[in-house]
Every structure is written in C-alpha cells, then in structure tokens.
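These figures come from a predicted structure and were not determined experimentally. Values reported hereafter were calculated over all heavy atoms of this structure, with side chains retained and with hydrogens, waters and symmetry mates removed. Letters A, B, ... are given to chains in the order of the sequence lines, protein chains preceding strands, and every chain is numbered from 1.
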Amino acid sequence: MHAVPPLLPRLLPRDALAVDVLDAARTLLGSVLVASTTDGEVAVRLVEVEAYRGADDPASHSYRGRTPRNAVMWGPAGHLYVYFVYGMHYCANVVCLTDGVPGAVLLRAGEVIGGLDAARHRRPTARADAELARGPARLCAALDVTRQFDGWDLTAGRELWIAADAEDHEQNGTPLRIVRSRRIGVTSAHHRLLRFFIAGSPYVSGWRSAWKVVPSGSPRRSTT
DNA sequence: ATTAGGATCAACT
DNA sequence: GTTGATCCTAATA
C-alpha cells in the first residue's frame with residue numbers, strides 16, 4: 001500500500017458523461033455539483049438521478065423531436081439542460097451521449113455538503129437539512145439553478161461545475177449500493193427501471209415501500 | 001403516514 | 001384548451 005492521494009476536488013471530465021445514459025447515471029451518483037454565485041457557494045452530492053433517452057423513450061422531452069426548449073439535449077455531453085415545470089419550478093439534467101444524439105440524466109436529489117446557510121436561505125420551506133435538495137426542483141432551488149444555466153458547460157470549471165466522486169463511500173463498513181426503480185412522476189414508459197439512487201440514503205426523494213427496487217452495483221469513480 | 005387539491009405558466013395539441 | 005420529469009399545505013388515519 002502506498003500513500004493515499006489527497007482528496008482534492010477534481011473536475012468531472014466530459015468523456016465520463018459522453019456515454020450511455022445508464023452509465024452516466026451511475027457516474028453522476030456520488031458526484032458533487034458546485035454553484036458559486038454572488039450570494040454564496042453551495043455544493044450538493046448527488047444521491048438520486050433518472051435516465052432519459054431519445055426517440056425510444058416516450059417519457060423523455062426529446063421523444064417528439066427538437067424544439068427551442070429541449071435543444072440542449074442534442075448538444076455536447078456535460079452541458080446542463082434546464083426546464084421549467086408546473087408554472088414555478090426548474091429541473092436540471094446533465095446531457096449525455098455524443099453530439100446529435102439526445103439523452104440526459106435528471107438530477108433528482110442530493111445532500112448539501114457545502115454552503116448550508118445559503119441553501120437554507122434559498123429553501124425557507126425546508127423543515128430539515130435533508131429536505132434542502134430532496135426533489136429535482138428543490139435541488140435547483142438550493143443551487144439557484146434557473147433557465148439562465150440552460151446549456152451551461154459543467155465541465156469547464158466556472159461558476160457552476162461538477163466534481164468527480166473523490167471517495168470510496170461506505171456505510172456500516174460496506175460500500176454504498178446503487179438500486180434502481182421506475183421513474184417518478186412519469187405517465188408513460190412506467191415499466192422501465194431508469195431511476196437510480198443510493199440505497200438507504202436519507203436524502204433520496206419519493207421513496208415508496210411498495211415499489212419494486214432492484215440492485216444496480218456501486219457508485220463508480222471515473223477513471224478518465 | 002398517506003392523500004388530495006391548488007398554485008401557476010410555457011410548451012404543445 | 002390541456003398538460004405536466006413538482007412542491008406545499010391541509011386534512012384524514
């Protein structure tokens with residue numbers, strides 16, 4: 001055994017995201033989204049994501065083709081696709097695959113690991129810190145992500161960027177486990193198990209005991 | 001603990 | 001005119 005390298009934040013490379021949405025989902029779990037704006041820096045470790053594909057996925061915004069709203073999904077991997085829903089919320093996705101092939105991973109929930117005060121200020125209705133970023137629109141609110149960041153390159157290391165998972169996480173001495181389930185809130189493609197989350201995490205949204213949940217490996221540290 | 005209804009608007013039929 | 005990749009509050013158990 002040689003010396004353990006320092007756990008410095010490392011920018012997640014675009015290559016790690018220019019892959020199939022299922023692989024990108026597993027890479028994103030454990031990664032940390034960092035937003036540095038004038039009112040503070042907030043960092044969120046992702047614990048729950050959902051994969052959305054293209055023409056073969058009726059639940060995806062890209063299913064019916066390219067529009068001004070969803071155009072970013074056809075662009076380069078590692079950029080952010082932000083959309084507005086229900087008249088008052090924003091949700092964010094990380095674009096995957098290669099240029100011209102739509103696909104993205106919805107960021108559904110995470111643990112606020114930095115900038116708690118700023119996050120609490122932006123999420124006044126949260127009654128516990130575990131609720132600060134539990135849910136896709138809450139996560140965006142905690143990071144102050146709006147349509148201003150639609151198309152933003154997360155791999156450039158500017159105000160909003162993504163850090164690779166730097167640790168081998170464990171709980172009670174065993175590695176964290178990824179499980180998958182059906183996606184939340186979608187009314188089509190119900191059967192597909194395209195939601196990925198960290199088993200047992202208190203920061204995961206929408207847990208339902210009745211749901212079918214299957215194992216799906218452990219978080220992957222990107223090696224590129 | 002679980003459920004139902006309302007808020008509020010851009011994109012799309 | 002209808003529909004959401006949602007969240008919050010209030011009501012019921």
Salt bridge (Lys or Arg N to Asp or Glu O under 4.0 Å) filter on A/Glu131, not counting sequence neighbours, yields A/Arg134

Sorted by number, residues from residues 111-150 of chain A placing a heavy atom under 4.0 Å from DNA chain B are none

message = Is there a side-chain contact between A/Val105 and A/Glu50 in this structure, where contact means two heavy atoms from C-beta onward sitting under 4.5 Å apart?
response = no

Note: contacts of residues 45-59 of chain A with DNA chain B (heavy atom, under 4.0 Å) are none

Sorted by chain and residue number, the side chain to side chain contact (heavy atoms under 4.5 Å, CB included) partners of A/Glu41 (sequence neighbours excluded) come out as A/Val34, A/Ser36

By side chain to side chain contact (heavy atoms under 4.5 Å, CB included), A/Ser60 pairs with (sequence neighbours left out) A/Tyr52, A/Asp57, A/Ser62, A/Met73

Item checked: Beyond-backbone contact of A/Glu48 with A/Ile184, side-chain heavy atoms, under 4.5 angstrom -> yes

**Study point:** A/Phe196 vs A/Arg183 side-chain heavy atoms within contact, under 4.5 Å
**Key:** no

Exercise. Side chains of A/Trp161 and A/Pro9: closer than 4.5 Å at any heavy-atom pair?
Worked result: yes

Under 3.5 Å, side chain of A/Asn93 to main-chain N/O of A/Ala104, donor-acceptor pair present? no

Review point. Is any side-chain heavy atom of A/Leu28 less than 4.5 Å from a side-chain heavy atom of A/Leu17?
Key: yes

Q.
Quick check: do A/Arg53 and A/Asp20 have side-chain heavy atoms less than 4.5 Å from each other?
A. yes

Those residues at least two apart in sequence (or on a different chain) that pass side chain to side chain contact (heavy atoms under 4.5 Å, CB included) with A/Tyr63 are A/Pro58

Stems in DNA chain C, runs of 3 or more consecutive Watson-Crick or G-U wobble pairs with both distances under 3.5 Å, sorted by first number, are B:1-7 with C:6-12, B:9-12 with C:1-4

Contact span of DNA chain C against chain A, any nucleotide atom under 4.0 Å from a heavy atom, 5' to 3', runs C/dG4 to C/dC8

Under 4.0 Å between a Lys/Arg side-chain N and an Asp/Glu carboxylate O for A/Asp150 and A/Arg69?
no

Can I get a per-line list of side-chain donor-acceptor pairs under 3.5 Å for residues 152-159 of chain A, giving both atom names and the distance, sequence neighbours left out?
residue  : atom : partner  : partner atom : Å
A/Trp152 : NE1  : A/Leu160 : O            : 2.7
A/Asp153 : OD1  : A/Thr155 : N            : 2.9
A/Asp153 : OD1  : A/Thr155 : OG1          : 2.7
A/Asp153 : OD2  : A/Arg14  : NH2          : 3.0
A/Thr155 : OG1  : A/Arg14  : NH2          : 3.2

Salt bridge (Lys or Arg N to Asp or Glu O under 4.0 Å) filter on A/Asp99, not counting sequence neighbours, yields none

Quick note, ring-ring contact (aromatic ring centres under 6.0 Å, His included) partners involving residues 90-138 of chain A, not counting sequence neighbours, are A/Phe84-A/Tyr90

Ordered by number, residues from residues 66-100 of chain A within less than 4.0 Å of DNA chain B (heavy atoms) are A/Thr67, A/Arg69, A/Phe84, A/Tyr86, A/Gly87, A/Met88

